[in-house]
Amino acid sequence: MRSRFSLKQEFLKKWILGLQRCRSSKKNMSIFERKKVIKLSADVAMASARKGTTCWSRALIADAIKEGNADKHLAEKILGPASERQLTEKVPVGAMAYNKRIRSKKILKRSSVILRTIKCAPQAARPSSIVKRLVGKRRQILRSLIPGGEFMNGVSLIEETLDYIISLRAQVDVMRSLASASKLVNLN
């Protein structure tokens with residue numbers, strides 16, 4: 001894993017480049033359009049700063065440029081030339097097989113749960129089953145928060161979550177320092 005400082009530098013470079021590309025296309029933007037451009041360029045810049053090494057970064061970029069997305073043209077403009085977009089075209093081979101394996105596990109788990117509830121109904125009140133249910137609910141919430149999280153198992157979900165948090169923290173640090181620098185420039 002890279003240091004946070006180099007991640008911040010890479011993010012800032014890609015973010016400013018993306019903002020410049022968007023600004024050059026349209027001079028007069030409304031506040032809503034500016035907000036959308038800033039958010040999308042920040043997300044795409046952070047994901048491309050990770051160079052497609054994480055599932056969440058590939059999922060974020062793929063979601064931004066998928067067909068039918070209203071911001072597809074904008075995301076492609078932010079990503080720039082085809083050399084930068086190549087990381088979005090990499091489809092992890094293991095992810096497809098892994099997705100099928102998850103579905104098989106879910107089907108198997110569902111059928112075993114049905115059999116178990118038929119055999120012994122009072123098991124639902126056991127503390128271990130309550131804990132498992134709570135952990136399962138929290139894992140589902142975490143999967144919904146992390147881009148591409150619905151396709152991950154427990155261990156990779158935790159690893160990707162930690163990496164995503166580090167990246168978001170770096171993104172916030174860069175944005176805060178940029179905002180404070182702009183305040184200082186405006187005061188002088």
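Counting from 1, the numbers follow the sequence of the chain as shown. Values below: all heavy atoms of this structure, side chains included; hydrogens, waters and symmetry mates excluded.
- Here the side chain of Asp63 pairs no donor or acceptor atom with the backbone of Ala59 at under 3.5 angstrom.
- Listed here is the closest heavy atom pair of Ala49 and Lys14: N-CD, 3.8 Å.
- Note: Ser156 OG to Asp163 CG = 12.0 Å, rounded to the nearest 0.5 Å.
- Both Tyr164 and Ile158 are assigned to one and the same hydrophobic cluster, defined by single-linkage of ILVMFWY side chains at heavy-atom distances under 4.5 Å.
- Between Asp173 and Arg169 no salt bridge is recorded (no basic side-chain N to carboxylate O distance below 4.0 Å).
- Considering OG of Ser41 and CD of Gln20, their distance stands at 11.0 Å, rounded to 0.5 Å.
- Under the 4.5 Å side-chain heavy-atom criterion for grouping Ile, Leu, Val, Met, Phe, Trp and Tyr, Val174 is not connected to Val172 through any hydrophobic cluster.
- Nearest approach of Arg143 to Met152, heavy atoms of both residues: NH2-O, 2.9 Å.
- Here the CG-CZ distance, from Asn28 to Arg34, works out to 8.5 Å after rounding to the nearest 0.5 Å.
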Test log, rule side-chain contact (heavy atoms from CB on, under 4.5 Å), inputs Leu12 and Lys8: CA-CA 6 Å; Leu12 182 60; Lys8 288 178 185 181; over 6 Å; no
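- Taking hydrophobic clusters as Ile, Leu, Val, Met, Phe, Trp and Tyr residues chained together by side-chain heavy-atom distances below 4.5 Å, Leu145 does not share a cluster with Leu60.
- Rounding to the nearest 0.5 Å gives a distance of 11.0 Å between OG of Ser57 and NZ of Lys51.
- A continuous path of Ile, Leu, Val, Met, Phe, Trp and Tyr side chains, each step under 4.5 Å between heavy atoms, connects Leu162 with Trp56, placing both in one hydrophobic cluster.
- Residues Arg139 and Leu157 share a closest heavy-atom pair of CG-CD2, 3.6 Å.
- Here the closest heavy-atom approach between residue Ile61 and residue Ser48 is recorded as CD1-N, 3.8 Å.
- Distance check, rounded to the nearest 0.5 Å: CG of Leu7 to CE of Met46 gives 5.0 Å.
- Scored by the side-chain contact (heavy atoms from CB on, under 4.5 Å) test, Ala42 finds Phe11, Trp15, Gln171, Met175 as partners (sequence neighbours excluded).
- Contact record, Ser177 with Ser180: O-OG, 3.0 Å, taken as the closest heavy-atom pair.
- To the nearest 0.5 angstrom, Thr161 atom OG1 is 4.0 Å from Ile146 atom CD1.
- Under the 4.5 Å side-chain heavy-atom criterion for ILVMFWY residues, a single connected hydrophobic cluster contains both Ile38 and Leu168.
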